[in-house]
Amino acid sequence: MKVFRMKAIIAGIVIFLLPLVVSAQLFILQDPPSSKPKLTFKYFRPHFKEAEGSLTFLSGLYELHISIPVNAKLNVVGSVPFMEYGWKSSYYDDEGESAFGDIFIGLQYLLKKTDRQATAVCFGVYVPTAPEEKEGPVILGLATNYYKLPQYFPNVLTIYGDISHHIFTANGLLLNVELGPYFMIPTKGGGDSELFIHYGLSGGYRVNPVDFNVEIAGVGILTEEADAFGDRFMNMLGFGVQWNRGWIRPGIFYQLYLKKSMSDSISGVIGIKLEIDLKK
């Protein structure tokens, strides 16, 4: 299937829980359910090693997330990715390309909550809204936030699932873990469906008025053959800090790829996060 040539493209590009009450200080992983309507903006910008040139000023991955509580346990969630790609060097400047990725729509449900723990599930779909003719923005998206792999594929409908558990202690320690599938179904051109797994673990600490957080996350493919077991997985490490007071909460984070095929070309990804409560 034409869409799944993106696997070749991937190889080509080098192959805290108090937040449930106040705000969720996660950067790579899924935020826990919000008790208020919330809008979250994220910007990711990669840095390529040994490149003859650099990305243009506005280039990068932009993600807009929304979470709207329906009741005390259920939230409607969604996200819209936008990729801006342009390259400049001493020899030439690209005119640049931009594209929306696959839009996500889902439901997040709080299974259980106590004073110190909570468990939530999330189900949804990535609607195939990414264009198939713009490879530059798609490659930039994959290189920038691989953990959200399904949001870059044209002509693919992805069923998303996630179960997450969150723990916080009285002294400010924050722990989060999540696990779930990406089931990618071609909508054009034939080809086989593919099953991926995504997973993550984070630990953080609240020192008012900021939260510090470290996250390890990854994506693995389960339905393809691989020369070695480790070839199935792409893992990343992120760490950041975010303001935890008020109705506008800015944060900054940095992400590193742990797989050599990716880290040889990308030294890291810097990100900015801004959470906004839509209801004070």
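Throughout, numbering of the chain's residues begins at 1 and tracks the sequence.
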Which atom of [X] lies closest to which atom of [Y], heavy atoms considered:
| X | Y | value |
| --- | --- | --- |
| Lys259 | Asp231 | NZ-O, 3.2 Å |
| Leu195 | Pro181 | CD1-CB, 4.1 Å |
| Pro131 | Val138 | O-CG2, 4.4 Å |
| Pro154 | Ala130 | CB-O, 3.2 Å |
| Phe239 | Leu256 | CE2-CD1, 4.3 Å |
| Ser202 | Leu29 | CB-CD1, 4.0 Å |

Please determine whether the number of non-hydrogen atoms from other residues, nucleotides or ligands lying under 6.0 Å from atom [atom1] of [X] exceeds 12.
| X | atom1 | value |
| --- | --- | --- |
| Asp115 | CG | no |
| Asn71 | CG | yes |
| Glu133 | CD | yes |

Note to self: Would Glu194 and Thr223 count as a side-chain hydrogen bond (donor to acceptor under 3.5 Å, both in side chains) here? Give the steps.
What the structure shows: CA-CA 6 Å; Glu194 303 284 3; Thr223 52; 2.5 Å; yes
What is the ring orientation for [X] with [Y], classed by angle as parallel under 30°, tilted 30 to 60°, or perpendicular over 60°?
| X | Y | value |
| --- | --- | --- |
| Tyr199 | Phe233 | perpendicular |
| Phe44 | Phe253 | perpendicular |
| Tyr43 | Tyr62 | tilted |

Notebook entry, point to check: When clusters are formed by joining ILVMFWY residues with side-chain heavy atoms under 4.5 Å apart, either directly or through shared neighbours, do Ile167 and Val177 land in the same one?
Noted result: no
Note to self: Please say yes or no: joined through hydrophobic side-chain contacts below 4.5 Å, possibly via intermediate residues, are Phe48 and Val269 part of one cluster?
What the structure shows: yes
Any heavy-atom pair between the side chains of [Y] and [X] that's under 4.5 Å?
| X | Y | result |
| --- | --- | --- |
| Ile252 | Val241 | yes |
| Gln151 | Leu61 | yes |
| Val80 | Phe82 | no |

Got a second to check how far [X]'s [atom1] is from [Y]'s [atom2], nearest 0.5 Å?
| X | Y | atom1 | atom2 | result |
| --- | --- | --- | --- | --- |
| Gln242 | Leu274 | CD | CG | 8.5 Å |
| Ser34 | Leu110 | OG | CG | 11.5 Å |
| Lys148 | Asp102 | NZ | CG | 12.5 Å |
| Asn171 | Thr169 | CG | OG1 | 3.5 Å |
| Arg245 | Asp211 | CZ | CG | 10.5 Å |
| Ile139 | Glu97 | CD1 | CD | 9.5 Å |

Note to self: Would Lys42 and Glu63 count as a salt bridge (Lys or Arg N to Asp or Glu O under 4.0 Å) here? Give the steps.
What the structure shows: CA-CA 5 Å; Lys42 294 181 182 179; Glu63 293 181 358; 5.0 Å; no
Checklist line | Charged tip of Lys273 within 45° of Phe27 ring normal and under 6.0 Å | finding: yes
Would the distance check show the side chain of [X] and the main-chain N or O of [Y] forming a donor-acceptor pair, the cut-off being under 3.5 Å?
| X | Y | result |
| --- | --- | --- |
| Tyr257 | Ser263 | no |
| Thr40 | Glu275 | no |
| Lys38 | Leu278 | no |

Next item on the list: Please report the C-alpha distance between Trp87 and Leu55 in whole Å, then the side-chain angles of each, then the deciding distance to 0.1 Å, and finally whether the side chain to side chain contact (heavy atoms under 4.5 Å, CB included) criterion is met.
Entry: CA-CA 5 Å; Trp87 193 261; Leu55 292 170; 3.6 Å; yes
Option passing side chain to side chain contact (heavy atoms under 4.5 Å, CB included) with [X] (candidates [options]):
| X | options | answer |
| --- | --- | --- |
| Arg45 | Ile272, Leu140, Thr144, Ile270 | Ile270 |
| His165 | Leu111, Thr119, Leu179 | Thr119 |
| Leu107 | Val70, Val77, Val76 | Val76 |
| Leu149 | Thr158, Ile221, Val219 | Val219 |

Classify the side-chain pair [X]/[Y] by whether it contains a donor and acceptor separated by less than 3.5 Å.
| X | Y | answer |
| --- | --- | --- |
| Asn75 | Ser67 | yes |
| Asp31 | Gln108 | no |
| His166 | Ser164 | yes |
| Gln255 | Glu215 | no |

Note to self: Using the rule given for side chain to side chain contact (heavy atoms under 4.5 Å, CB included), can you reason through Asn176 versus Leu201, listing the C-alpha separation, both sets of side-chain angles and the distance that settles it, and then say yes or no?
What the structure shows: CA-CA 6 Å; Asn176 305 271; Leu201 175 68; over 6 Å; no
Check: Does the pair Arg206 and Asn244 meet the rule for a side chain to side chain contact (heavy atoms under 4.5 Å, CB included), with working shown?
Finding: CA-CA 9 Å; Arg206 170 157 292 185; Asn244 61 38; 3.2 Å; yes
Next item on the list: Decide if the gap between the ring center of His65 and the ring center of Phe104 is smaller than 6.0 angstrom.
Entry: no
Check: Could Arg232 and Glu224 be called an ion pair, given the rule that one side-chain N must be under 4.0 Å from one carboxylate O?
Finding: no
Next item on the list: Would you check, one step at a time, whether the test side chain to side chain contact (heavy atoms under 4.5 Å, CB included) holds for Tyr126 with Tyr160?
Entry: CA-CA 7 Å; Tyr126 284 90; Tyr160 169 90; 4.1 Å; yes
